[in-house]
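First comes the structure, then the notes that go with it.
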Amino acid sequence: MRRKILLGITGSIAAYKTLELIRLLRQDGHDVQVVATKSALHFFPVLTAEVFSGHPVYSDLFDPACSVRHIELARDADVLLIAPVSADFLSKMALGLADDLLSTLCLTVTCPVLVAPAMEENMYVHPAIQKHRKTLAARGIYEIPPETGPLASGKEGLGRFASLETIRHSLKTKLMQNERWSGVRVLVSAGPTYEPIDPVRFIGNRSSGKMGYALAAASAARGAQVTLISGPTSLPLPPGVEVLRIETAEDLGISMDRLFPEHDICFMAAAVSDYRLDRPHSSKKKKDGNTWTLSLVENPDILSGLSRQKSPGQFLVGFAAESDMNPEKLLEKLRKKGADMLLANDISRPDIGFSSDENEITLFHPDGTSLPLGKHSKIVLSNKILDEIEKVWRCPAASSNGNKDQPNGNAPLSD
Ligand code: CTP
């Protein structure tokens, strides 16, 4: 499997090890193009990298020979691997800064991006870096975690560049994962719905949309074609995802019904308002000193409607936000709604669920089996969910590619 790998090198002492990585990736049959930051050039011999890769090492954004190098490089790339990524460069990526060729490339590529940090432990565990890691993870960028071991300072600690074998394996896994998911069409609904009371007021709920956005980001990072139907949220849009915004349960139902037939997998992660006003007021209701009684009618169940129109091969995933995690009742909900999988979380716990970056999910199959996925960031949970779907759903696109026989080895990638 020959792939075009863009290998970003940044200013960390571990950059010298990347020379050997170039050799190994070439040995695996890949085409390797090195793009280095100015700081990286202090740490490895450019000529050696050019001989090993068979290409010039690019570093300059303002190259008279080609002013749109970042666009050219991005167009052909199958994967962007940044190894090592320094604390400085990781922060730049999280902030979306673009002041050199590699950082500009990070904003231009549409292929999967992997980063392998290498830095002192104090830097890696610093709250700023931890926050940036989470930002990158939420965008679907994969981290090949650093190891614990001797560091450049002579101390032992966390932050040591992952072994070249680990990096090579993670890259291979990621490329294979992309083969399996490329061409798969994923539809995700996310966030709350707002049901108008009058032009000013509405009935809503506490959903932040983070779980649905994480699923959309994780699916897109695997190469799926993702459509996200989003209720009102202020979350940043995951890259590479087509977004449609809705406000009411009725709008959501119409969009889901229209788009569902064109998709292979559907995640019904939206927190649909169960009730809407019978007759919303067309103008703002003034206070009049009296009790105000609202008459509510039940909204149709969108998920149940989708399961009735489901074609063979389509996979429908429902959610359940419960205060009572009774497995029998959850299985009953799964079967009643006709979903192929139900993801349940306990909303009575303050540390997970609504608005939180973390969640704890138990996955239910229609045959009555369940799998606790544990407590993790929403992006890690999304990847675990996608891994489980890979096991039970035969992707038509992947089987026609003949990729299904490949082992399912997901890289030990970060949160
Ligand atoms: N759902 C839906 N349409 C609705 C309500 C819910 O499609 N009108 C979907 C949600 O998106 C979720 C699943 O159904 O995937 C379960 O939602 P949940 O709120 O747990 O269940 P409800 O049907 O509202 O039942 P309950 O009375 O237990 O809240």
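Only this structure's heavy atoms are used, side chains among them; waters, hydrogens and symmetry mates stay out. Read the numbers this way: they start at 1 and go in the same order the structure lists the ligands and their atoms. These figures come from a predicted structure and were not determined experimentally.
- Between A249 and ligand 1 there is no heavy-atom distance shorter than 4.0 Å.
- Of the protein's heavy atoms, none falls inside 4.0 Å of atom 19 (O) of ligand 1.
- In this structure, the protein non-hydrogen atom closest to atom 7 (O) of ligand 1 is L303 N, 2.8 Å.
- Protein heavy atom at the shortest distance from atom 8 (N) of ligand 1 is P300 O, 3.0 Å.
- Annotation for ligand 1: atoms under 4.0 Å from non-hydrogen atoms of A321 are 20 (O).
- In this structure, H281 and W292 have perpendicular ring planes: the angle between them is above 60°, well past the 30° mark.
- Around the CZ atom of R206, the shell of radius 6.0 Å holds no more than 12 heavy atoms that belong to other residues, nucleotides or ligands.
- Looking only at protein heavy atoms, the nearest one to atom 3 (N) of ligand 1 is I302 N, 3.0 Å.
- With sequence neighbours excluded, the residues that form a side-chain contact (heavy atoms from CB on, under 4.5 Å) with N290 are D288.
- Among all non-hydrogen protein atoms, the one lying nearest atom 24 (O) of ligand 1 is D274 OD1, 3.0 Å.
- Within the model, atoms OG of S382 and OH of Y213 stand 13.5 Å from one another, a figure rounded to the nearest 0.5 Å.
- Of all protein heavy atoms, the one closest to atom 16 (C) of ligand 1 is F319 O, 2.7 Å.
- For atom 1 (N) of ligand 1, the closest non-hydrogen atom on the protein side is K337 NZ, 3.8 Å.
- Taking every heavy atom of A320 and a limit of under 4.0 angstrom, the matching atoms of ligand 1 come to 20 (O).
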Subject >> side-chain contact (heavy atoms from CB on, under 4.5 Å) assessment of Q33 paired with Y58 >> reply: CA-CA 8 Å; Q33 171 63 63; Y58 294 127; 3.2 Å; yes

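- Rounded to the nearest 0.5 angstrom, L294 CG and R279 CZ are separated by 12.0 Å.
- Heavy-atom proximity to D301, at under 4.0 Å, picks out these atoms of ligand 1: 2 (C), 3 (N), 4 (C), 7 (O), 8 (N), 23 (O).
- The closest protein non-hydrogen atom to atom 26 (P) of ligand 1 is K333 NZ, 3.7 Å.
- The shortest contact between atom 11 (O) of ligand 1 and any protein heavy atom is with A270 O, 2.8 Å.
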**OP:** Carefully, step by step, assess L252 and S189 under the rule side-chain contact (heavy atoms from CB on, under 4.5 Å).
**Re:** CA-CA 8 Å; L252 177 62; S189 72; 4.0 Å; yes

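- Under the 4.0 Å criterion applied to side-chain N and carboxylate O atoms, D99 and K92 are assigned as salt-bridge partners.
- Those atoms of ligand 1 that come under 4.0 Å of a heavy atom in G318, given as number and element, are 15 (O).
- Each of H55, R3, R26 was evaluated against D31; a single residue qualifies, H55, per the side-chain hydrogen bond (donor to acceptor under 3.5 Å, both in side chains) test.
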